[in-house]
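Step one of this worksheet: look at the structure below.
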Amino acid sequence: MSSVSTTVPVLQARGLSRQFGSVRALNNVDFEVYPGEVTALIGDNGAGKSTLVKALSGNLAVDEGEILFDGTPIEMSNPQVASSLGIETVYQDLALAPHLDPVQNMYLGREIRRPGLAGALGFMKTKDMAVASRAAFDELGATVRSLSSPVGEMSGGQRQAIAIARAVHWAGRLVFLDEPTAALGVRQTKNVLETIRRVRDKGIAVVLISHSMPHVMEVCDRIQVLRLGTRVANVDAKNTSMEELVGLMTGAVTKDDQK
């Protein structure tokens, strides 16, 4: 596990606030994630995790605060801005097209067209896309047995691996993973956690949103805790415990927010 970095965060939030009617989903939240680290974002249901991720990935506007990329303020106005910066998100529903095969899902919306008239008529470089997809799956140790079968016929673990590999292939800087081990078996979960380590070792930042404290402690370098829309802790994983983290999430334990 890498040590907590002192370099410039790849992505940073300062004072983010967002209100939905009378509910303050985010309350002056700071957040930062560093290159080559796995940062856990944890909190109980309703803590503001999804709202924060949506704001940081261009899917939700905030009322107050700023977002910085490599230390420079940016307008994260839509998901296309995030993608152009090398930021990808894997949501719990995976956003895969079940009737398409892994290669088609990998390049969905980013297809490589043949040059000239053939490309204009919709013909793709299917072999090139298949080779690149297989390389991406193999690099992350993803078990994808068939590149030509619809992903809807594959196991939950294979679908999860495809979604993560796609995000990493297009990301380059940062990947948000929302509950990537939910509903997976023991072996599939182990593969996903190993994939997260491999992504980190490529120098890509990873934000892991998870309710599983054992998984958080196993793969994360830094842990940031939200409670009722406020960040209540930002700690080095080596300097905390599952008991303390649960206490922070529920309010039973308080801790000065370490910058």
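Only a predicted model underlies this, so the values are computations on that prediction, with no experimental measurement involved.
Grouping the Ile, Leu, Val, Met, Phe, Trp and Tyr side chains by contacts below 4.5 angstrom, directly or via other members, places V206 apart from I209. No continuous path of hydrophobic side-chain contacts links V10 to V219 [ILVMFWY only; heavy atoms under 4.5 Å]. Side-chain heavy atoms closer than 4.5 Å link hydrophobic residues (I, L, V, M, F, W, Y) into clusters, and following such links, even through other members, never connects Y91 to L60. Following chains of ILVMFWY side-chain contacts shorter than 4.5 Å, one can reach V144 starting from L193, so the two form part of one hydrophobic cluster. Residues V216 and L248 share a hydrophobic cluster, clusters being chains of Ile/Leu/Val/Met/Phe/Trp/Tyr side chains in contact below 4.5 Å.
Atom CG of L26 and atom CZ of R18 lie 9.0 Å apart (nearest 0.5 Å). Atoms CZ and CG, on R200 and L208 in that order, are 11.5 Å from each other to the nearest 0.5 Å. Rounding to the nearest 0.5 Å gives a distance of 9.0 Å between CG of L56 and OG1 of T89. In this structure, CZ on F137 lies 13.5 Å from CZ on R145, to the nearest 0.5 angstrom. Residue T39 holds its OG1 atom at 6.0 Å from CZ of F31, rounded to the nearest 0.5 Å. Atom OG1 in T126 sits 12.0 Å away from atom CD in E111 (nearest 0.5 Å).
In terms of modelled atom types and a separation under 3.5 Å, the side chain of Q160 and the main chain of P180 share a donor-acceptor contact. With hydrogens and angles disregarded, no donor-acceptor distance shorter than 3.5 Å links the side chain of K49 to the backbone of L226. Between the T250 side chain and the G247 main chain, a donor and an acceptor come within less than 3.5 Å of each other.
Residues satisfying the side chain to side chain contact (heavy atoms under 4.5 Å, CB included) criterion with M249, sequence neighbours excluded, are I42, M213, V225. Partners of K190 under the side chain to side chain contact (heavy atoms under 4.5 Å, CB included) rule, at least two apart in sequence or in another chain, do not exist in this structure. When the salt bridge (charged side-chain N to carboxylate O under 4.0 Å, His left out) test is applied to D138, the partners found at least two apart in sequence or on another chain are R134. For S146, the side-chain hydrogen bond (donor to acceptor under 3.5 Å, both in side chains) partners at least two apart in sequence or on another chain are S148, S149. Every side-chain hydrogen bond (donor to acceptor under 3.5 Å, both in side chains) that E88 has, sequence neighbours left out, goes to S83, R110. Applying the salt bridge (charged side-chain N to carboxylate O under 4.0 Å, His left out) criterion to D70, with sequence neighbours excluded, gives R173. Remark: D201 pairs with no residue by the side-chain hydrogen bond (donor to acceptor under 3.5 Å, both in side chains) rule, at least two apart or across chains. Considering only residues two or more places apart in sequence or on other chains, R198 meets the salt bridge (charged side-chain N to carboxylate O under 4.0 Å, His left out) condition with E194. Not counting sequence neighbours, E179 has no partner by the salt bridge (charged side-chain N to carboxylate O under 4.0 Å, His left out) test. Residues satisfying the side-chain hydrogen bond (donor to acceptor under 3.5 Å, both in side chains) test with T51, not counting sequence neighbours, are none.
When all heavy atoms of V8 and G71 are compared, the closest pair comes out as CG1-N, 3.7 Å. Considering every non-hydrogen atom in both M154 and P102, the closest pair reads CE-CG, 3.5 Å. Closest approach of V90 and I164 over heavy atoms only: CG2-CA, 4.1 Å. Minimum heavy-atom separation, G15 to N28: CA-OD1, 3.1 Å. I223 and C220 get closest at one heavy-atom pair: CG1-CB, 4.5 Å. For the pair I204 and G172, the tightest heavy-atom approach, listed with the atom from each and the gap, is CG1-O, 3.7 Å.
L108 shares a hydrophobic cluster with L100; the chain of contacts runs through ILVMFWY side chains whose heavy atoms sit under 4.5 Å apart.
The shortest distance between side-chain heavy atoms of M76 and I87 falls below 4.5 Å. Looking at R166 and N105, their side chains come closer than 4.5 Å, going by heavy atoms from C-beta outward. Contact of the L41 side chain with the V53 side chain is registered, since non-hydrogen atoms from C-beta on lie closer than 4.5 Å.
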Kindly determine whether V168 and T195 satisfy side chain to side chain contact (heavy atoms under 4.5 Å, CB included), including the steps that lead there.
-> CA-CA 10 Å; V168 173; T195 295; 5.8 Å; no
Go through the steps to decide whether M129 and M106 satisfy the test side chain to side chain contact (heavy atoms under 4.5 Å, CB included), and finish with yes or no.
-> CA-CA 8 Å; M129 291 189 292; M106 175 73 83; over 6 Å; no
Begin from the C-alpha positions of S210 and H215 and carry the test side chain to side chain donor-acceptor pair (under 3.5 Å) through to its verdict.
-> CA-CA 8 Å; S210 179; H215 297 164; 4.9 Å; no
Audit row: I162, V151, side chain to side chain contact (heavy atoms under 4.5 Å, CB included) steps and yes/no | CA-CA 9 Å; I162 291 166; V151 299; 3.8 Å; yes
How far apart are the C-alpha atoms of M124 and Q104, what are their side-chain angles, what is the distance that settles it, and do they pass the side chain to side chain contact (heavy atoms under 4.5 Å, CB included) test?
-> CA-CA 11 Å; M124 308 294 173; Q104 292 168 326; over 6 Å; no
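Side-chain contact, N234 with E32: a donor N or O sits under 3.5 Å from an acceptor N or O.
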Considering only distance and modelled atom types, tabulate donor-acceptor pairs under 3.5 Å from the side chains of residues 62-69, sequence neighbours left out.
from	atom 1	to	atom 2	distance (Å)
D63	OD2	Q19	N	2.7
E66	OE2	R14	NH1	3.2

